[in-house]
Amino acid sequence: MDESKPLKVRLTFSVILVGVSLLFAAVVTDHWAVLSPKVEEYNTTCEAAHFGLWRLCTKRIFMQEQGPKEKGCGPISLPGEHNCSYFKHFTPGQSSEIFEVTTQKEYSISAAAIAIFSVGFAIIGTICVLLSFRKKMDYLLKPASMFYTFAGLCIIISVEVMRQSVKRMIDSEETVWIEYSYSWSFACACSSFVLLFVCGITLLLIALPRFPQNPWETCMDAEPEH
């Protein structure tokens, strides 16, 4: 038995916990993408927006003259009147004009649903790893590794759905938004994919039986012929 296996599992699990934390941060925060309209006049207010999987937040920003390459409203970090609301398709009775288009609703619901699957896989994987620390239950490491790998795949699919949603929104003639950028929640989701997917595969390799290092190990373990 590999005596360093428990140490390897704990180190890998520590990195996985970072990935799970980034995953939760991405799912619950509202800074996946930042949208801004074209600014024609300065010394006035404009409305920028940022949104996540569940909510849309708008901000009225007082604009001053910018550089020649900067024509959008923002940056979003500037002070201004801030208002957040959940998407109408999640909370009936609240409206969000940006997501009134049917295709945008479908993208938003799909991204949120896939992200929930990712969170579920991560939670089940964590439970399996914690149980594997008990005596003679290390066989749970294999399903745990697969759950973490699935969680990583789900969150990157959610990222791609969100990216396509933003692109379609910007290309649409029904919105005033002309500029967009991906923010830190989007970066958290991408980082969690890398950590969960890579560490999930690593955990699987650790959990697999040790291959014989010398040819005669297999011969010595073989049953004698009668």
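- The two atoms that bring Ala115 and Ser158 nearest to each other are CB-OG, 3.9 Å, heavy atoms only.
- Within the 4.5 Å cutoff, no side-chain heavy atoms of Phe13 are placed close to those of Leu203.
- Taking Phe193 as the reference, Phe197 meet the ring pair (Phe, Tyr, Trp, His ring centres under 6.0 Å) condition, with sequence neighbours excluded.
- Among residues two or more places apart in sequence or in another chain, the salt bridge (charged side-chain N to carboxylate O under 4.0 Å, His left out) test is passed with Arg163 by Glu160.
- Enclosure of atom OH in Tyr182 by more than 12 non-hydrogen atoms of other residues, nucleotides or ligands within 6.0 angstrom is indicated.
- Not counting sequence neighbours, the partners of Ile123 by the side chain to side chain contact (heavy atoms under 4.5 Å, CB included) test are Phe24, Val119, Ile127.
- Of the possible donor and acceptor atoms, one in the side chain of Ser14 sits under 3.5 Å from a partner among the backbone N and O of Arg10.
- For residues 13-33, the salt bridge (Lys or Arg N to Asp or Glu O under 4.0 Å) pairs, not counting sequence neighbours, are Asp30-Arg55.
- Between Tyr148 and Thr126 the shortest side-chain heavy-atom distance falls below 4.5 Å.
- Through direct or relayed side-chain contacts under 4.5 Å between Ile, Leu, Val, Met, Phe, Trp and Tyr, Leu22 connects to Val15, Val18, Leu195.
- When side chains are defined from C-beta on, Met146 does not count as touching Phe121, because their heavy atoms never get closer than 4.5 Å.
- Partners of Ser132 according to the side chain to side chain donor-acceptor pair (under 3.5 Å) rule, which considers only residues two or more places apart in sequence or in another chain, do not exist here.
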